[in-house]
Amino acid sequence: QVQMVDSGGGLVQAGGSLRLSCAASGRTYSRNDMAWFRQATGKEREFVAAISRETGNTFYTNSVKGRFTISRDNTKSTVYLQMNSLKPEDTAVYYCAAGALVTMKRDGYDYWGQGTQVTVSL
C-alpha cells in the first residue's frame, strides 16, 4: 500500500525557517524520484524542488533557489525540505510527491502526500 505522510508545517515569521518531512513507504521511496510542490489559496499547484533517486541531483524553481534545500535520507525513506529566509509569498500548502522521473509537471508524479500548511507572517 502506498503511503506518504507530510509533516513539519506551521506558522513562522518572515525570515524564519521550517523543515518539512515526507515519510514514504519503502517501495514508493526506493523506486521513485521525489519532489515538493505547493499550492497557495486560489492558485495552481506549483513545483518547488525535486531530487533524483539515482544521482541525488537537485532541482529548484527560481523563486526558492538559495533559500530552500531538498534532501533525502535513504535509511529512513524520508525526503526533507529545509526552508530558510521564508517570505510571506511562500505561504501555501506543501505536498510531497513521488514519480518515475524528475519533472516540474504535476502530471509526472503518481503519488502524493496529504499536504502540510506553511504560513509566513510579516
Side-chain angles (χ1 to χ4, degrees):
Q1 182 177 355
V2 174
Q3 187 173 14
M4 295 175 63
V5 180
D6 306 334
S7 63
L11 173 63
V12 63
Q13 288 188 328
S17 299
L18 282 173
R19 188 178 79 157
L20 306 183
S21 300
C22 174
S25 61
R27 190 178 232 182
T28 303
Y29 180 88
S30 63
R31 294 186 177 187
N32 288 281
D33 294 330
M34 303 294 289
W36 287 96
F37 283 70
R38 65 186 180 188
Q39 187 167 16
T41 302
K43 295 188 176 181
E44 295 288 321
R45 192 171 298 188
E46 66 173 358
F47 172 83
V48 176
I51 185 166
S52 167
R53 170 181 58 88
E54 288 193 5
T55 66
N57 288 345
T58 57
F59 308 85
Y60 299 93
T61 192
N62 286 339
S63 63
V64 308
K65 283 181 181 177
R67 300 189 298 123
F68 291 11
T69 303
I70 188 171
S71 62
R72 57 195 300 165
D73 184 339
N74 294 336
T75 65
K76 298 180 179 180
S77 298
T78 299
V79 63
Y80 301 99
L81 185 68
Q82 178 66 44
M83 306 186 294
N84 299 328
S85 302
L86 283 160
K87 305 175 181 180
E89 51 264 44
D90 294 318
T91 295
V93 178
Y94 284 70
Y95 299 89
C96 70
L101 292 173
V102 169
T103 175
M104 294 178 67
K105 298 181 179 181
R106 288 175 52 182
D107 292 347
Y109 295 90
D110 301 310
Y111 308 106
W112 293 84
Q114 84 284 1
T116 184
Q117 176 71 47
V118 171
T119 304
V120 184
S121 64
L122 288 169

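One-based numbering along the sequence shown. Quick caveat: nothing in here was measured; it's all calculated off a predicted structure. Reckoned from all heavy atoms, side chains included, excluding hydrogens, waters and symmetry mates.
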Is there a donor-acceptor contact under 3.5 Å from the side chain of T58 to the main chain of I51? no
Backbone N/O of M34 and side chain of N32: donor-acceptor pair under 3.5 Å: no
Distance in Å, C96 SG paired with Q114 CD, rounded so as to fall on 0.5 Å steps: 7.5 Å
Output for pair (M104 CE, F37 CZ), nearest 0.5 Å, gives 8.0 Å
If we check side chain to side chain contact (heavy atoms under 4.5 Å, CB included) with L81, which of these qualifies: V64, V48, T116, L18? V48
For the residue pair R106 and E44, what are the closest heavy atoms and their distance? NH1-OE1, 3.9 Å
With under 30° as parallel and over 60° as perpendicular, where do the rings of Y95 and W112 fit, or are they tilted in between? perpendicular
Within the distance-only criterion (no hydrogens, no angle test), does the side chain of N84 pair as donor or acceptor with the backbone N or O of S17 below 3.5 angstrom? no
Quick one: do V5 and L20 end up in the same hydrophobic cluster if we chain Ile, Leu, Val, Met, Phe, Trp and Tyr together by side-chain heavy atoms under 4.5 Å apart? no
For the hydrophobic clusters of this structure (ILVMFWY residues joined by side-chain heavy atoms under 4.5 Å, transitively), does one cluster hold both F59 and L101? no
Rounded to the nearest 0.5 Å, what separation is found between the NZ atom of K87 and the OG atom of S63? 8.0 Å
Closest contact, heavy atoms only, A40 versus A92: N-CB, 3.8 Å
Evaluate V79 against W36 for side-chain contact (heavy atoms from CB on, under 4.5 Å), listing each step before the verdict. CA-CA 9 Å; V79 63; W36 287 96; 4.1 Å; yes
Distance (rounded to the nearest 0.5 Å) between T69 OG1 and R19 CZ: 11.5 Å
Might you confirm whether atom CD of E89 has over 12 heavy atoms from other residues, nucleotides or ligands at distances under 6.0 Å? yes
Transitive ILVMFWY side-chain link L11 to V118, under 4.5 Å: no
Taking D33's backbone N and O only, do any of them form a donor-acceptor pair with Y109's side chain (distance below 3.5 Å, no angle check)? no
Transitively linked via ILVMFWY side-chain contacts under 4.5 Å: Y111 with Y80? no
If every non-hydrogen atom of D6 is compared with every non-hydrogen atom of G115, which pair is closest and at what distance? OD2-N, 2.8 Å
If you measure from CD on Q39 to CD on E46, what distance do you get to the nearest 0.5 Å? 9.5 Å
When rounded to the nearest 0.5 angstrom, what distance separates OG in S25 from CD in Q3? 7.0 Å
Can you name the closest pair of heavy atoms from M4 and C22 and give their distance? CE-SG, 3.8 Å
For a quick test of reading the model, state the closest non-hydrogen atom pair linking Y60 to A49 and the distance between them. CD2-CB, 3.6 Å
On a heavy-atom basis, the closest approach of L86 and R67 is CA-NH1, 3.9 Å
